[in-house]
Asker: 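So that we are looking at the same thing, I have put the structure below in structure tokens.
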Amino acid sequence: MGQRKRRTVSIIGAGNVGATTAQKIVENGLADVVILDVREGIAQGKALDMLESGPLLGFDTRVTGSGNYADIEGSSVVVVTAGFSRKPGMTRDDLLHKNGEIMIEISEKIKKHAPEAIVIMVTNPMDLMAYTLWKVTGFKRERVIGMGGALDSSRFAYFVSEVSKTSVSNIQTLVMGGHGDLMVPLLNFSTISGVPLPKVLDPKTLESLVARTRDGGGEIVRLMKDSSAYFAPAAAVYLMIESILHDRHRVVPCSVYLEGEYGVQGAFSGVPIRIGSAGLEAVVELPLSSSEKSAFEASVKAIREGVASLHRHFPDKL
Ligand SMILES: NC(=O)c1ccc[n+]([C@@H]2O[C@H](COP(=O)([O-])OP(=O)(O)OC[C@H]3O[C@@H](n4cnc5c(N)ncnc54)[C@H](O)[C@@H]3O)[C@@H](O)[C@H]2O)c1
Ligand SMILES: O=C(O)C[C@H](O)C(=O)O
């Protein structure tokens with residue numbers, strides 16, 4: 001009997017987020033994984049360490065550590081987690097030019113070696129790195145998807161569960177806009193057992209939930225000092241990959257290139273999308289209030305300014 005071939009997910013950057021994502025994928029038997037890093041031996045060492053846990057945990061999925069882009073050929077999904085993370089006192093945008101340079105190089109290699117893959121961008125500033133990769137590869141917008149909203153919404157849900165003393169499984173939250181300081185937690189589209197938050201929580205509590213969600217990444221950076229978050233980010237990436245590989249059609253807030261949706265023409269920003277085997281299947285449009293619309297537009301404006309800065313900094317490459 002012929003065996004069904006497992007699909008491969010490649011992860012560029014075998015650091016905290018990359019390696020933790022790889023571990024979740026192989027431990028759950030979702031796909032084989034290639035992890036690739038510029039630092040000699042890091043990806044190979046982490047891959048071997050993970051494989052040695054296979055007999056204990058009972059998985060047969062394979063993980064390969066590599067420094068060679070030929071190994072990502074044939075990947076269904078490529079996740080990009082390579083680059084610098086911020087330190088206390090920095091914003092994600094402070095990484096723009098350093099990570100932009102790395103992203104231009106990586107995008108050229110992905111274009112050459114995995115031209116059919118769906119790419120999930122993680123590296124910060126994520127919406128701008130997704131733009132960079134989309135621009136350099138020329139991939140269709142359906143195949144370049146940024147991870148941010150899934151993480152921000154999960155943080156928001158966790159904070160709501162804490163203050164309301166309710167199980168996370170009864171809470172649904174939505175954060176739109178860029179994955180940055182101007183992200184937009186949407187109170188009216190966030191619920192406890194189907195009831196919108198403003199109907200169950202007082203305005204002061206709501207305000208502090210929004211502020212803590214916007215600062216969610218920064219709070220972790222201040223605690224850890226030499227690293228940013230990676231457990232929840234890896235879980236968010238995993239959810240997106242699972243929806244792609246199992247064609248689940250989940251609705252997840254992700255950063256995609258908008259072509260008129262939400263009144264935005266030609267910019268990456270976080271919006272709810274249906275995600276399946278083709279990548280972006282549809283942008284889900286919600287009826288935003290005028291204040292929600294203005295907050296979303298302010299976030300998109302900041303992303304457009306970042307794009308302009310990238311073009312000024314890399315005039316010949318973008
Ligand atoms: N979008 C999100 O929600 C989100 C969440 C968490 C982290 N991040 C971002 O993801 C990135 C990675 O975070 P991390 O915690 O894993 O950092 P990390 O420092 O642990 O890992 C980064 C890895 O990238 C590798 N790298 C650098 N340049 C490379 C290149 N040219 N090719 C291949 N590999 C290269 C490094 O050697 C390192 O191993 C950061 O930019 C961080 O800000 C984004
Ligand atoms: O906050 C960061 O710099 C990392 C990431 O974007 C996060 O939200 O955890």
Side-chain angles (χ1 to χ4, degrees), residues 10-23 34-47 65-69 71-72 78-110 113 119-130 132-133 145-156 158 175 177-183 185 212-240 252-255 268 270:
S10 288
I11 302 178
I12 315 301
N16 286 331
V17 181
T20 309
T21 304
Q23 185 187 18
V34 173
I35 49 176
L36 187 149
D37 204 283
V38 278
R39 283 188 293 159
E40 186 79 27
I42 281 288
Q44 292 83 344
K46 289 192 181 184
S66 173
N68 182 353
Y69 276 84
D71 290 329
I72 76 167
V78 174
V79 182
V80 184
T81 62
F84 296 94
S85 56
R86 63 174 161 154
K87 304 288 171 275
M90 290 171 73
T91 69
R92 296 177 182 89
D93 284 343
D94 292 335
L95 303 166
L96 180 62
H97 296 154
K98 269 163 93 174
N99 282 348
E101 188 165 346
I102 291 173
M103 207 48 61
I104 289 167
E105 175 206 317
I106 289 175
S107 303
E108 282 159 358
K109 297 203 167 126
I110 292 175
H113 292 281
V119 183
I120 297 177
M121 179 57 67
V122 178
T123 303
N124 274 318
M126 178 277 289
D127 305 274
L128 296 168
M129 294 302 100
T132 304
L133 185 133
I145 305 176
M147 188 289 284
L151 170 65
D152 300 326
S153 302
S154 181
R155 284 182 174 143
F156 188 17
Y158 172 68
V175 179
H179 178 62
D181 294 345
L182 296 179
M183 68 179 73
R212 192 172 179 198
T213 300
R214 286 204 175 115
D215 183 45
E219 183 176 0
I220 304 248
V221 170
R222 289 194 297 281
L223 287 166
M224 304 218 281
K225 296 186 179 62
D226 61 352
S227 163
S228 48
Y230 53 98
F231 292 116
V237 177
Y238 181 86
L239 178 124
M240 291 166 65
V252 183
C254 296
S255 186
F268 271 84

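Indexing begins at 1, ligand by ligand and atom by atom, following the structure's order.
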Asker: Any idea which atoms of ligand 1 are less than 4.0 Å away from a heavy-atom of V17?
Answerer: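 Under 4.0 Å from V17, ligand 1 has these atoms: 6 (C), 7 (C), 13 (O), 14 (P), 15 (O), 16 (O).
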Asker: Going by heavy-atom distance to atom 10 (O) of ligand 1, choose the closest among T123, V221, I35, V237.
Answerer: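 Looking at heavy atoms only, the winner is T123.
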Asker: Does even one non-hydrogen atom of F84 get within less than 4.0 Å of ligand 1?
Answerer: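 Yes; F84 lies near enough to ligand 1 that a heavy-atom distance drops under 4.0 Å.
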Asker: Under 4.0 Å from ligand 2, counting heavy atoms only, is it the side chain of D152, its backbone, both or neither?
Answerer: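 No part of D152 comes within reach of ligand 2.
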Asker: With atoms numbered from 1 as shown, which atoms in ligand 2 lie under 4.0 angstrom from a non-hydrogen atom of G217?
Answerer: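 What qualifies from ligand 2 is 1 (O), 7 (C), 8 (O), 9 (O).
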Asker: Distance under 4.0 Å to a non-hydrogen atom of P233: what atoms of ligand 1 satisfy this?
Answerer: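 Checking each atom against P233, I get 5 (C), 6 (C).
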Asker: Would R86 and L95 count as a side chain to side chain contact (heavy atoms under 4.5 Å, CB included) if you check the C-alpha gap in whole Å, the side-chain angles of each, and the deciding distance to 0.1 Å?
Answerer: CA-CA 7 Å; R86 63 174 161 154; L95 303 166; 4.2 Å; yes
Asker: Any atoms of ligand 1 less than 4.0 Å from a non-hydrogen atom of N99? List them with their elements.
Answerer: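 Answer for ligand 1: 41 (O).
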Asker: Heavy-atom contacts under 4.0 Å between H179 and ligand 1: side chain, backbone, both, or neither?
Answerer: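 Near ligand 1, H179 shows its side chain, while the N, CA, C and O stay back.
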Asker: Mark yes or no for whether K87, through its side chain, and S85, through its backbone, hold a donor-acceptor pair below 3.5 Å.
Answerer: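 Checked: pair present.
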Asker: Using a strict 4.0 Å cut-off to heavy atoms of A82, name the atoms of ligand 1 that fall inside it.
Answerer: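 Under 4.0 Å from A82, ligand 1 has these atoms: 24 (O), 26 (N), 29 (C), 33 (C), 34 (N), 35 (C).
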Asker: Please report the shortest heavy-atom distance between I120 and M240, naming the atom on each side.
Answerer: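 Closest approach of I120 to M240: CG2-CE, 3.8 Å.
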Asker: For ligand 2, which atoms sit closer than 4.0 Å to a heavy atom of R92?
Answerer: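 Close to R92: 1 (O), 2 (C), 3 (O), 5 (C), 6 (O), 7 (C), 8 (O).
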Asker: Which residue, I72, T81, V79, T123, forms the side-chain contact (heavy atoms from CB on, under 4.5 Å) with I12?
Answerer: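 Option passing the side-chain contact (heavy atoms from CB on, under 4.5 Å) with I12: I72.
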Asker: Run the side chain to side chain contact (heavy atoms under 4.5 Å, CB included) check on H179 and S255 step by step: do they pass?
Answerer: CA-CA 8 Å; H179 178 62; S255 186; over 6 Å; no
Asker: Is any N or O atom of S228, backbone or side chain, closer than 3.5 Å to an N or O atom of ligand 2?
Answerer: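 So ligand 2 has no N or O lying under 3.5 Å from an N or O of S228.
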Asker: Provide the number and element of each atom of ligand 2 under 4.0 Å from a heavy atom of R86.
Answerer: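 It comes down to these atoms of ligand 2: 1 (O), 2 (C), 3 (O).
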Asker: Considering only heavy atoms, does I42 approach ligand 1 within less than 4.0 Å through its side chain, its backbone, both, or neither?
Answerer: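 For I42, there is no contact with ligand 1 at all, from either part.
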Asker: Which option out of G83, G67, A234, A150 puts a heavy atom nearest to atom 24 (O) of ligand 1?
Answerer: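 Among G83, G67, A234, A150, the closest heavy atom to atom 24 (O) of ligand 1 belongs to G83.
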Asker: Pick whichever of D215, N124, I220 has a heavy atom sitting closest to atom 5 (C) of ligand 2.
Answerer: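 The residue whose heavy atom sits nearest atom 5 (C) of ligand 2 is N124.
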Asker: At under 4.0 Å between heavy atoms, which part of M126 makes contact with ligand 2: side chain, backbone, both or neither?
Answerer: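 For M126, no heavy atom sits under 4.0 Å from ligand 2.
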Asker: Report, one line per pair, each donor and acceptor closer than 3.5 Å where one atom sits in a side chain of residues 227-239; sequence neighbours left out.
Answerer:
unit_1 : atom_1 : unit_2 : atom_2 : d
S227   : OG     : N16    : ND2    : 3.2

Asker: For a side chain to side chain contact (heavy atoms under 4.5 Å, CB included) check, start with the C-alpha distance between D37 and I35, then their side-chain angles and the critical distance, and finish with the verdict.
Answerer: CA-CA 7 Å; D37 204 283; I35 49 176; over 6 Å; no
Asker: Side chain, backbone, both or neither: which part of A229 comes within less than 4.0 Å of ligand 1 when only heavy atoms are counted?
Answerer: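 The backbone, only.
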Asker: Give the single entry among L151, N16, D127 that approaches atom 18 (P) of ligand 1 most closely by any heavy atom.
Answerer: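 It is N16 whose heavy atom sits nearest to atom 18 (P) of ligand 1.
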Asker: Numbering the atoms of ligand 1 from 1, which are under 4.0 Å from a heavy atom of I102?
Answerer: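 Under 4.0 Å from I102, ligand 1 has these atoms: 28 (N), 31 (N).
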Asker: For ligand 2, does R155 get within less than 4.0 Å through its side chain, its backbone, both, or neither, judged by non-hydrogen atoms?
Answerer: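 Looking at R155 and ligand 2, just side chain atoms fall under 4.0 Å.
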